[in-house]
There are 2 protein chains.
Amino acid sequence: MQRKLKTADASESERLQADAEALNAVLADLVRVYQFRDRDRICCFDISVTQCYALEALAEHGPMRSQALAAQMLLDKSTTTRVIDALERKGYVERRPDDQDARAVSLRITRSGRSLYDTINRGLVAQQAEMLAELDPAVRASVTDVIRRLAKAAEARFVSGISVGSGASACSTSGCS
Amino acid sequence: MQRKLKTADASESERLQADAEALNAVLADLVRVYQFRDRDRICCFDISVTQCYALEALAEHGPMRSQALAAQMLLDKSTTTRVIDALERKGYVERRPDDQDARAVSLRITRSGRSLYDTINRGLVAQQAEMLAELDPAVRASVTDVIRRLAKAAEARFVSGISVGSGASACSTSGCS
DNA sequence: CCCATTTAGTTGCTACTTGCAATAATCGGT
DNA sequence: ACCGATTATTGCAAGTAGCAACTAAATGGG
């Protein structure tokens, strides 16, 4: 780690490598902890994390078809069907026949669903606000931006791999060294 | 969102709220995508994501007992046992009797396990380096730091809730509104 | 020194989540 | 009107996780 630097270039390259290692470790932690945090917060209500993601997608992007929701959530269409089944049973989402296409269903969040989503989201946002409050405003602004870029980059890299072929087990199709 | 600001204070508070919402949305995305990215990259090898986390913990923190590993991974001890079972079967981890306590096992990563972990990690780090390369060096430094703080804050909040009581379904014990 | 209690890890069982394959209904072009 | 493609659902199987019950070992009080 603490090697003597020969040239400015080598130093730069080494620093990048070190930064990447640090970022990777920290991100792994963050992702793991957030999975648990989400599960912990969401399980207090009567839906699972995946169901909450679906609710979020429908709340933020408006009504969509099952297929679009599956793509949004990076899930198989069959899994999506079942997620919707659960949400419909609980009255948070409704299926209605699509106007254009009789095969398709139009999924939309119900009033009750939106209310639940808002409640859950308020709690999560409040937590973030608490943490952000301690940060320098200038840093705050860039954080969101950078994280967005990380997410976008990772998504682009990931989605390009699966494209049409549903799930994620299609390892060969993804850019997996 | 775009409300007129009355005072500097109100503006500040509103901005915090907006930042928190943005951060929350972006983080949710990031976490979701990274889950898939990890699964996608790791599944190319013969271990699952959870198994890889266990390998990471043993690689980074050295030998530990099953109990400590469970705490580290926020998993139930029974789940941890099975994760180790799988890794031991594949030759990436070995159980040996603990010197101090005959009930306990000392888990340590094998040479082959470390080699696998290094391979997987190299790929992930390379991906991060690619993304970091595009960023301003000053921003780069703060990103890791901020993400670390977010992870720590979330972890502190989360862990305080479960403390001794194993899993995460103990909703009442966690600070869950 | 012995027994009750606690602790470390394992196993049985169950529930949930997810993906793949097969299926039914429908669309669209020829 | 027919045939291939597309939309969603269902059957099935595998993986993952937690709780509870259990075994073995340590610890503490009498």
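Below, chain A is the first sequence line, B the second, and so on; all start at residue 1.
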Participant: Can you check whether any acceptor in the base of D:dG11 is under 3.5 Å from a donor in the side chain of A:Arg82, or vice versa?
Facilitator: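 Answer yes: a donor N or O sits under 3.5 Å from an acceptor.
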Participant: How about A:Ile84 and A:Leu69: do any of their side-chain heavy atoms sit closer than 4.5 Å?
Facilitator: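 Yes; the side chains approach each other to less than 4.5 Å.
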Participant: If I take atom CD in residue A:Gln35 and atom P in nucleotide D:dG18, what distance separates them, rounded to the nearest angstrom?
Facilitator: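 Computing the A:Gln35:CD to D:dG18:P distance gives 12 Å.
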Participant: Between atom CG in A:Asp101 and atom C1' in C:dT26, what is the gap in whole Å?
Facilitator: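 Taking CG of A:Asp101 and C1' of C:dT26, I get 7 Å after rounding.
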Participant: Side chains of B:Ile147 and A:Leu23: closer than 4.5 Å at any heavy-atom pair?
Facilitator: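 Yes; the side chains approach each other to less than 4.5 Å.
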Participant: To the nearest Å, give me how far apart CD (A:Glu88) and C1' (D:dT9) are.
Facilitator: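 Whole-Å distance recorded here is 13 Å.
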Participant: Starting from C1' on D:dA20, measure out to NZ on B:Lys77 and report it in whole angstrom.
Facilitator: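 My rounded result for the distance is 10 Å.
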Participant: Among the candidates C:dT18, C:dC27, C:dT10, find the nucleotide nearest to the side-chain atoms of B:Thr81.
Facilitator: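 So the side chain of B:Thr81 is nearest to C:dT10.
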Participant: Round to a whole Å and report the spacing from CG of A:Asp76 to P of D:dA13.
Facilitator: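 After rounding, the gap between these two atoms is 17 Å.
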Participant: Rounded off to whole Å, could you give me the CZ-to-P distance for the B:Phe36 and C:dT17 pair?
Facilitator: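 After rounding, the reported distance stands at 14 Å.
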Participant: I'd like to know if A:Ser78 reaches the base of C:dC20 with its side chain such that a donor and an acceptor end up less than 3.5 angstrom apart.
Facilitator: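 Flag set: donor-acceptor pair detected.
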Participant: So, does B:Thr79 get its side chain near the phosphate of D:dG18, meaning an N or O under 4.0 Å from OP1 or OP2?
Facilitator: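 So the side chain of B:Thr79 is within the cut-off, an N or O lying under 4.0 Å from OP1 or OP2 of D:dG18.
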Participant: Let me spell it out: for each of A:Asp85 and A:Ala104, pick the nucleotide of DNA chain D with the closest heavy atom. Which residue's pick is nearer the 5' end?
Facilitator: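 That would be A:Ala104.
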Participant: May I have the distance from A:Lys90 (atom NZ) to C:dC16 (atom C1'), rounded to whole angstrom?
Facilitator: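 In whole Å, C:dC16 C1' lies 11 Å from A:Lys90 NZ.
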Participant: How far apart are the C-alpha atoms of A:Glu88 and A:Lys90, what are their side-chain angles, what is the distance that settles it, and do they pass the salt bridge (Lys or Arg N to Asp or Glu O under 4.0 Å) test?
Facilitator: CA-CA 5 Å; A:Glu88 193 183 32; A:Lys90 296 168 187 167; over 6 Å; no
Participant: Can you check the A:Leu74 CG to C:dT18 P distance for me, whole Å?
Facilitator: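 Going from A:Leu74 (CG) to C:dT18 (P), I get 12 Å.
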Participant: Counting C-beta onward and ignoring hydrogens, is there a side-chain heavy-atom pair between B:Leu116 and B:Ile120 closer than 4.5 Å?
Facilitator: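 Yes, their side chains come closer than 4.5 Å.
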Participant: Starting at the 5' end of DNA chain D and moving along, which residue's nearest nucleotide shows up first, B:Gln100 or A:Arg65?
Facilitator: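 Taking each residue's closest nucleotide, the earlier one in sequence belongs to A:Arg65.
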Participant: When rounded to the nearest 0.5 angstrom, what is the spacing between OG1 in A:Thr50 and CZ in A:Arg82?
Facilitator: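 Atom-to-atom, A:Thr50:OG1 and A:Arg82:CZ are 13.5 Å apart.
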Participant: With respect to the side chain of A:Arg103, which nucleotide from D:dA8, C:dT17, C:dC27 is positioned closest?
Facilitator: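 Looking only at side-chain atoms, A:Arg103 lies closest to C:dC27.
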Participant: Among C:dG9, D:dA17, C:dT10, which is the nearest nucleotide to the side chain of B:Thr50?
Facilitator: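 In terms of side-chain proximity for B:Thr50, the closest of C:dG9, D:dA17, C:dT10 is D:dA17.
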Participant: Closer to the 5' end of DNA chain C via nearest nucleotide, is it B:Ala68 or A:Thr80?
Facilitator: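 Final value for this comparison: B:Ala68.
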